[in-house]
Amino acid sequence: MITEMEIFPWDSNFATGIAVIDAQHQQLVALLNRLVTHLAFQSDAPTLNSVFDQLRDYVEVHFTTEEALWQAHLGEYAGVAGHHESHVRFIDEVLRLKAEESTKPFETVIENIVNFLTRWLALHILEADRRMALVVHGVQRGLTLEQARTQADATMSGSMRVLVETVLVMYDKLANRTMAMTREINRRRQAEAELQKAHEALKRAKENAESVSEAKSSFLASMSHEIRTPLAAILGMSHLMHQEELPASQRERLDVIENAGRHLLSIINGILDLSKIEAGKFTLDEAALDLRGVVEEALAMLAHQAEAKGLSLRAEFDLPPGTFLGDATRLRQALVNYLINALKFTERGGITVRCSASAVDTDAVDVRFVVEDTGPGIAAAELRRLFKPFTQTEATSTGEHGGTGLGLAITARLAELMGGQAGAESEPGRGSRFWFTTRLRKVKADEVVAPTGSPLEIRSALAERHGGACVLLADDDKVNREIARVLLSRGGLAPECAADGEEAAALAERCKPALILMDMQMPVVDGIAATRRIRTQDWGREVPIIALTANAFAEDRVRCLEAGMDDFLTKPIMPAVLYSKLLYWLDRSRRERARS
């Protein structure tokens, strides 16, 4: 009995969204798998020829269907003609390979055809047909043909391009290994048990290929949640232990744990940030910020590294008076990425950060950050490609300095999202100047903004203005719940804790909290459902609810806001961010109650 083999494992993520095309793609994949199966199990030439003829005939049916559909929706669009030409070339190549049957062994001819079919079909489904389908969908949504084409090109670039190329490489390897296996079967005439073992190896390879083909956002969301949850416990506990009296040796070891945890978090954030930016799902926060404070905090984070290398770190400012709105975390992240790079390559001298601003109009300013070092400089050829993802200088790629090649790419993307640009100027032997710009909005006189100041100042203000206020904390993770409880208590608040959404909703009705911290993913009733239940009550319509989640995606933020939550905190929760959010929402809630 012949067991079906899958050289090309079908995955729903290959779907174009056009039912007839997707159904035919699945049939083509099934016929290709059938051809490979008969080859591997040494079927005779008539059987192989029959399967090949079925595949060839169905390919022609599929091409006819596709071209008619593209023509109907896209008319004389150049891509339609190009698609037709690629179909013609495909049929010509298959017939040419089949014609070699008179000069080469039949098994070799079939193997060559299978190798060609596997790569072409993968590229056809993942690249050509998906691109055309995106254009059709765009036209159906009311876009012009040019707009639809541009949107399709954008969708198929960036991370999607990397995914397509990765899948193609894996399918090439899978096809080659399959052909090598069939030749081995032909030579050794293995028994059914040995053949089954080889099939199991193929099955595992298929599962690996399918994992690459899964929707990237789904994978990243899962990775974020599973890593951030224990990481939140590690960083939270280390923060609490830092508040205690410890011997110097234990404090040093605790610093190692905390630094390692933060390094891991920065890697996770880097991958997630780049993915979200490329997918158009990245969101920026807007709050009052202190530009001097942003720069000084970035320098403080790296002061020990600079001191260890004997380098000076200094800042120069040329800023107008006033308060500005922006995302302090992302500004600091972009600046730290530049500083880390400068520290890696600078062996003597120092690093200077310059922060200046010029007014655009009465409501906004353009801010320019420059990081200048006295390092070895960078050749022009390398400088042009440094802001591409996973790109490193020659010294970095050899392992001399390390790194992921993500920092500069993320800084460039962040600058663009914040209304600015990023770039660099350098010459070998003359150091480097990396810069980025951003546009910030000025705070209006009557505008309510988030609190600014040091973490200790914000915590003190929280205790002074809202000491004893009841805050409901709902989180199913016992360790994270205990960390948050201690942080709330140290902020002068009175925490009440729940382990699931059902308990949280009941406890909220009893204690009428001033604010609720609600984990999204909990057993029994999740945070979304619990929030909706609370919002149906008269007392619960105005209480501020802040989501807690280990998933750092825009979709999660949207789900929270749609359920009636007011704000969003991503785990691991940094104490300074927590206290700032609490103070802002408790202040706002008090003012709104006073007005009513």
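Predicted model only: the values in this text are computed from it and were never measured.
Side-chain contact between Leu134 and Met156 is present, with at least one heavy-atom pair separated by less than 4.5 Å. Inter-residue side-chain proximity for Asp476 and Gln521 is flagged as unmet; no heavy-atom pair is nearer than 4.5 Å. Val20 is listed as a side-chain neighbour of Leu69, based on a closest heavy-atom distance under 4.5 Å. Between His25 and His62, the closest side-chain pair of non-hydrogen atoms falls below 4.5 Å. By the 4.5 Å heavy-atom criterion applied to side chains, Met565 and Thr531 are counted as neighbours. For the pair Val135/His73, no side-chain contact is recorded, criterion being any heavy-atom separation below 4.5 Å from C-beta on. Side-chain contact check for Leu548 versus Leu569: some heavy-atom pair is nearer than 4.5 Å. Counting only heavy atoms from C-beta outward, the side chains of Trp70 and Val136 approach each other to under 4.5 Å.
Put simply, NE2 on His137 and OG1 on Thr155 are 11.0 Å apart, with the number rounded to the nearest 0.5 Å. With rounding to the nearest 0.5 Å, the separation of OG1 in Thr64 from CD in Gln24 is 9.0 Å. Separation of atoms CZ (Phe434) and CG (Leu386) is listed at 5.5 Å; rounding is to 0.5 Å. Expressed to the nearest 0.5 Å, how far CG of Leu325 lies from CZ of Arg441 amounts to 4.5 Å. Rounded to the nearest 0.5 Å, atoms CG (Leu31) and CG (Asp53) are 11.5 Å apart. In this structure, SG in Cys560 is found 11.5 Å from CD1 in Ile546, a value given to the nearest 0.5 Å.
Under 4.0 Å is where a charged nitrogen must lie from a carboxylate oxygen, and between Asp566 and Arg535 at least one such pair does. The residues Arg89 and Asp92 are annotated as not salt-bridged, no charged nitrogen and carboxylate oxygen being separated by less than 4.0 angstrom. For the pair Glu562 and Arg559, the salt-bridge criterion is not met [side-chain N within less than 4.0 Å of a carboxylate O].
Annotation: Gln421, atom CD; neighbour count of heavy atoms from other residues, nucleotides and ligands within 6.0 Å does not exceed 12.
Residues Arg439 and Ala364 come closest through the heavy atom pair CG-CB, 4.2 Å. Nearest heavy atom pair, residue Ala563 against residue Ile528, reads CB-CG2, 3.7 Å. The two residues Ala422 and Ala412 come nearest to each other via the heavy atoms CB-CA, 3.7 Å. Minimum interatomic distance between Ala530 and Met518 (heavy atoms only, all atoms of both residues): CB-CE, 3.9 Å. Closest approach of Ile18 to Ala133, counting heavy atoms only: CD1-CB, 3.8 Å.
In this structure, Asp129 contributes its side chain and Ile21 its backbone to no donor-acceptor pair below 3.5 Å. With hydrogens and angles ignored, the 3.5 Å screen pairs no side-chain donor or acceptor of Thr437 with any backbone N or O of Gly420. The backbone N or O of Arg330 lies less than 3.5 Å from no partner atom in the side chain of Gln333, so there is not a single donor-acceptor pair. Remark: the backbone N or O of Arg130 is not paired with any side-chain donor or acceptor of Thr16 at under 3.5 angstrom.
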Apply the test side-chain contact (heavy atoms from CB on, under 4.5 Å) to residues Val525 and Arg533: give CA-CA distance (whole Å), side-chain angles for both, the deciding distance (0.1 Å), then the verdict.
-> CA-CA 10 Å; Val525 173; Arg533 187 180 301 180; 3.9 Å; yes
Audit row: Trp435, Thr411, side-chain contact (heavy atoms from CB on, under 4.5 Å) steps and yes/no | CA-CA 10 Å; Trp435 57 267; Thr411 292; over 6 Å; no
Criterion side-chain contact (heavy atoms from CB on, under 4.5 Å) on Met418 and Leu331, from CA distance to verdict | CA-CA 9 Å; Met418 293 186 287; Leu331 285 172; 3.8 Å; yes
Can Phe436 and Tyr338 be said to form a side-chain contact (heavy atoms from CB on, under 4.5 Å), step by step?
-> CA-CA 10 Å; Phe436 72 91; Tyr338 276 172; 3.5 Å; yes
Under the salt bridge (Lys or Arg N to Asp or Glu O under 4.0 Å) criterion, do Arg413 and Glu416 qualify, and how do the steps go?
-> CA-CA 5 Å; Arg413 303 298 199 282; Glu416 292 171 4; 5.3 Å; no
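A side-chain donor-acceptor contact under 3.5 Å links Gln151 and Arg141. A donor-acceptor contact closer than 3.5 angstrom is absent between the side chains of Glu425 and Ser432.
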